[in-house]
Amino acid sequence: MTTFLGRTGRRAFRRRRLVGGPRRGVLVPAVAAVAMASAGAGEYLSAPGTESQAFDPLEERR
């Protein structure tokens, strides 16, 4: 297994431009998709019929 990984690493290093092109071709659209998906997400999540179980320390002091 070590020999296989060593050879694979050496080949990838020697052909780094050939290997880097497809890697960028996959990474750039993936990052763009994540950015677009998270841009539409709201800050608050609401579920009808549920109450908040959050602790409010300011209400406790009054």
Side-chain angles (χ1 to χ4, degrees):
M1 186 68 168
T2 305
T3 306
F4 171 73
L5 291 174
R7 286 180 185 169
T8 304
R10 269 187 244 115
R11 281 189 205 121
F13 181 75
R14 282 188 216 130
R15 296 172 179 90
R16 57 188 173 264
R17 291 181 192 215
L18 185 64
V19 172
R23 186 181 299 166
R24 285 186 199 104
V26 171
L27 275 176
V28 170
V31 169
V34 168
M36 288 191 312
S38 65
E43 192 172 315
Y44 299 103
L45 174 68
S46 65
T50 60
E51 295 182 20
S52 173
Q53 296 178 0
F55 174 70
D56 189 4
L58 293 178
E59 290 294 324
E60 287 284 323
R61 292 181 186 176
R62 292 181 191 179

Over-ring placement of Arg10 relative to Phe13, 6.0 Å and 45° cut-offs: no
Listed partners of Arg17 passing side chain to side chain contact (heavy atoms under 4.5 Å, CB included), at least two apart: none
Residues clustered with Phe4, ILVMFWY side-chain links under 4.5 angstrom: Met1, Leu5
